[in-house]
Student: 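Take this structure first; my questions come after.
These numbers come from a predicted model, not from an experiment. Counting starts at 1 for both ligands and their atoms, in listed order.
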Amino acid sequence: MSDAPLAPGSTIGILGGGQLGRMLALAAARLGLRCHVFEPAADCPAAHVCARHTAASYDDSAALEAFAAGVDVITYEFENIPVPALDALEAMRPIRPNRRALAISQDRLEEKRFLQGLGLTVAPFAPVEDASSLKAALARIAPPAILKTRRLGYDGKGQARIMAANEAGTALAALAGAPAILEGFVDFTCEISVIAARGTGGEVACFDPGENRHEGGILRHTTVPAAIPATVQTDAVLLAGRILNALDYVGVMGVELFVTAQGLLVNEIAPRVHNSGHWTQSGCAVDQFEQHIRAIAGWPLGDGRRHTDVEMENLIGDDVTRVPQIARESGASLHLYGKAEARPGRKMGHVNRVRARTP
Ligand code: AMP
């Protein structure tokens with residue numbers, strides 16, 4: 001594929017069939033682009049709204065090849081795609097965002113080193129492989145601290161808190177021998193995230209930072225504007241731009257930050273559209289999903305300026321029982337993901353509540 005913009009009627013391949021894939025496909029459809037989703041699960045949120053669905057495993061090379069042959073560009077909605085599958089796909093079609101962004105975000109240790117290398121501040125950290133390296137790490141990073149698996153962690157999974165040194169053994173056992181990092185506990189005033197986009201020509205556009213509140217390790221609310229000074233807002237946006245430029249990134253990225261008295265710390269980056277960017281569906285002319293599609297399709301980035309204040313609430317598990325009431329609320333826009341079963345901790349949908357814009 002050249003850098004020429006994808007023509008309407010072209011097909012975007014999406015790896016992963018969850019709600020992020022679903023909302024990407026809806027945005028693509030509005031722009032006259034088709035989507036083909038690759039997702040092992042037969043009935044998945046994205047398949048309900050995509051032109052095509054390949055329900056095959058990531059080690060099915062014939063299915064991967066047929067998928068790549070039928071699309072113009074490949075993107076993804078989750079980070080943990082097996083490397084051999086990516087190798088096979090990349091030999092046939094461009095993958096956007098690129099492999100480096102994916103490799104860095106798949107491994108918390110690589111991610112921290114990369115961010116530090118850019119001169120950005122991260123929580124104190126040390127690699128942990130076993131009891132002796134954990135002991136050495138705790139000598140440098142005093143509790144409270146968090147032990148996190150290097151790979152495959154999400155929504156607070158693969159993490160164990162260490163409040164005192166004598167909890168080290170229990171924390172290590174909880175991670176079942178997975179390579180990990182120890183992170184010093186950050187005393188933050190709030191958590192924010194920047195949803196940033198970069199196009200094929202290198203142009204960068206960021207949405208306003210949103211303020212995030214988690215419950216039980218899962219995002220619960222994002223509020224815009226975030227209750228932070230304008231200077232911190234500017235710092236956050238500039239910092240995100242530096243990360244995207246350093247990676248020669250194309251697409252949308254979620255950059256999660258801790259706001260502290262000493263300044264901003266980067267918690268983690270996600271090389272994809274992000275739950276904390278769902279507010280953009282109601283707050284901006286062009287939302288994060290369309291912005292991502294525009295970027296990977298080589299189109300100009302859209303206008304992501306915020307025109308209203310928004311509070312996004314995730315509907316998790318049993319929260320869906322409130323849907324009949326929410327559907328009657330004025331100023332509330334409801335997004336449901338088409339998941340049949342409401343298990344605890346499962347993201348079933350979200351609601352964006354709008355208010356007139358404050359300055
Ligand atoms: P993560 O999966 O790394 O994004 O962590 C999930 C949530 O745990 C974050 O959004 C924070 O609320 C909290 N958390 C993670 N790491 C730290 C840290 N080093 N210090 C304080 N809180 C943290």
Student: Can you tell me how far CD1 of I74 sits from OG1 of T11, rounded to the nearest 0.5 angstrom?
Tutor: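 Spacing of OG1 (T11) from CD1 (I74) equals 11.5 Å.
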Student: Do L264 and I192 have side chains that get closer than 4.5 Å, going by heavy atoms?
Tutor: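 Result yes, sub-4.5 Å side-chain heavy-atom pair found.
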Student: If you measure from atom 9 (C) of ligand 1 to every heavy atom of E268, E191, H214, which option wins on shortest distance?
Tutor: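 That would be E191.
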Student: Could you name the option among R161, E183, E256 that has the heavy atom nearest to atom 13 (C) of ligand 1?
Tutor: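 Going through R161, E183, E256 one by one, R161 has the nearest heavy atom to atom 13 (C) of ligand 1.
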Student: In ligand 1, which numbered atoms sit nearer than 4.0 Å to a non-hydrogen atom of F188?
Tutor: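 Within the 4.0 Å cut-off of F188, ligand 1 contributes 21 (C), 22 (N).
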Student: Quick one: does G184 get within less than 4.0 Å of ligand 1, heavy atoms only?
Tutor: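 Right, G184 reaches ligand 1.
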Student: Side chain, backbone, both or neither: which applies to I146 and ligand 1 if a contact is any heavy-atom pair less than 4.0 Å apart?
Tutor: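 The answer is the side chain of I146.
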Student: Can you check whether A123 has an N/O within less than 3.5 Å of an N/O in ligand 1?
Tutor: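 No; every N/O pair is 3.5 Å or more apart.
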Student: Hey, what do you get for CG (N275) to OG1 (T222), rounding to the nearest 0.5 Å?
Tutor: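 Reported to 0.5 Å precision, the distance equals 6.5 Å.
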Student: Would you say H350 and Y337 are linked by a side-chain donor-acceptor pair, where the criterion is simply a distance under 3.5 Å?
Tutor: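 Short answer, yes.
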Student: For a quick check under 3.5 Å, do R198 and N245 share a side-chain donor-acceptor pair by atom type?
Tutor: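 Per modelled atom types, R198 and N245 side chains form a pair under 3.5 Å.
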Student: Less than 6.0 angstrom separating the ring centers of F289 and H278, yes or no?
Tutor: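 When the ring centroids of F289 and H278 are compared, they turn out to be within the sub-6.0 Å range.
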Student: Considering only heavy atoms of R108, which atoms of ligand 1 have at least one such atom less than 4.0 Å away?
Tutor: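 Ligand 1 atoms under the 4.0 Å threshold to R108: 2 (O), 3 (O).
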